[in-house]
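For reference, the structure is listed below as structure tokens.
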Amino acid sequence: MAIRSVSPEEAAALLADGYVYVDVRSEPEFEAGHVPGALNVPLLHQGPGGMTANPEFLSVMQQAFGKGEKLVVGCKAGGRSKKAADQLAQAGFTELTDMSAGWDGARDAFGRVVPGWSKQGLPIEPGNPPGQTYADVKQRKPL
């Protein structure tokens, strides 16, 4: 299954059409600022020795989201969201979109900066809103 890649502006339009934004950054990154309404399911956890894999990522996603639920997956610069979307596609999720520029931005094939969500003047939400944290998502049921 091909995973569609979109810009932050295209992601915002999809969210307005009912897609759910899944932020796969670590919990501290999410708390510092995220897409309004985003749900946090870290692909990696921040630890004293750096980033480590979240062994619950796929099981939490399967428990919390339907395989056909329309999801936009995003991270800091596009690397984690691509890996997460690939894992989800292999697990049978069918409505996946990757926000390839991420939160901060990325570089294209020519090394040019592609601004992320936070650099585009799009709305930003800080903190841990109820219902959006990783602990809350673990309790979520598919729509």
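Predicted model, so just to flag it, every value in this text is computed and none were measured.
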Report, one line per pair, each donor and acceptor closer than 3.5 Å where one atom sits in a side chain of residues 115-125; sequence neighbours left out.
from: W117; atom 1: NE1; to: P123; atom 2: O; distance (Å): 2.6
from: S118; atom 1: OG; to: W103; atom 2: O; distance (Å): 2.7
from: Q120; atom 1: NE2; to: E9; atom 2: OE2; distance (Å): 3.3
from: Q120; atom 1: NE2; to: P115; atom 2: O; distance (Å): 3.4
from: E125; atom 1: OE1; to: H34; atom 2: NE2; distance (Å): 3.0
from: E125; atom 1: OE1; to: G37; atom 2: N; distance (Å): 3.1
from: E125; atom 1: OE1; to: Q132; atom 2: NE2; distance (Å): 2.9

Considering only distance and modelled atom types, tabulate donor-acceptor pairs under 3.5 Å from the side chains of residues 71-80, sequence neighbours left out.
from: R80; atom 1: NH1; to: E29; atom 2: OE1; distance (Å): 2.8
from: R80; atom 1: NH2; to: E29; atom 2: OE1; distance (Å): 3.4
from: R80; atom 1: NH2; to: E29; atom 2: OE2; distance (Å): 3.0

Side-chain donor-acceptor pairs of residues 15-24 under 3.5 Å, sequence neighbours excluded:
from: Y19; atom 1: OH; to: R4; atom 2: NH2; distance (Å): 3.3
from: D23; atom 1: OD1; to: R25; atom 2: N; distance (Å): 2.9
from: D23; atom 1: OD1; to: R25; atom 2: NE; distance (Å): 3.0
from: D23; atom 1: OD2; to: R25; atom 2: NE; distance (Å): 3.2
from: D23; atom 1: OD2; to: R25; atom 2: NH2; distance (Å): 2.8

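To the nearest 0.5 Å, atom NE2 of residue H45 and atom OG1 of residue T52 are 6.5 Å apart. The distance from atom CE of M61 to atom CG of L43, rounded to the nearest 0.5 Å, is 10.0 Å.
Screening residues 41-52 for salt bridge (Lys or Arg N to Asp or Glu O under 4.0 Å), with sequence neighbours left out, gives no hits. Within the structure, the salt bridge (Lys or Arg N to Asp or Glu O under 4.0 Å) test picks out no pair touching residues 35-46 (sequence neighbours left out). Counting only residues at least two apart or on different chains, the side-chain hydrogen bond (donor to acceptor under 3.5 Å, both in side chains) pairs with a member in residues 59-75 are E69-R140. Listed by first and then second residue, the salt bridge (Lys or Arg N to Asp or Glu O under 4.0 Å) pairs that reach into residues 35-53 come to none, sequence neighbours excluded.
Counting only heavy atoms from C-beta outward, the side chains of P42 and E27 approach each other to under 4.5 Å. Within the 4.5 Å cutoff, the side chain of K138 has heavy atoms near those of the E56 side chain.
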Working for side-chain contact (heavy atoms from CB on, under 4.5 Å), residues V137 and N40 = CA-CA 7 Å; V137 176; N40 185 216; 5.5 Å; no
Go through F65 and V60 one step at a time and tell me if the side-chain contact (heavy atoms from CB on, under 4.5 Å) criterion holds.
-> CA-CA 8 Å; F65 300 95; V60 168; over 6 Å; no
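Residues meeting the side-chain hydrogen bond (donor to acceptor under 3.5 Å, both in side chains) test with D104, sequence neighbours left out: none. For P28, the side chain to side chain contact (heavy atoms under 4.5 Å, CB included) partners two or more places apart in sequence, or in a different chain, are S26, Q46. For D136, the side chain to side chain contact (heavy atoms under 4.5 Å, CB included) partners two or more places apart in sequence, or in a different chain, are T133. Judged as a side chain to side chain contact (heavy atoms under 4.5 Å, CB included), and not counting sequence neighbours, the contacts of V113 are R107. D98 pairs by the side-chain hydrogen bond (donor to acceptor under 3.5 Å, both in side chains) definition with S81, not counting sequence neighbours.
Across all their heavy atoms, L39 and F30 have their closest contact at C-CE1, 4.4 Å. Between P55 and A53, the shortest heavy-atom contact is CD-O, 3.2 Å. The two residues S100 and A106 make their nearest non-hydrogen contact at O-CB, 3.9 Å.
Both L58 and I3 sit in one connected hydrophobic cluster of ILVMFWY residues. Membership requires side-chain heavy atoms under 4.5 Å apart, directly or through other members.
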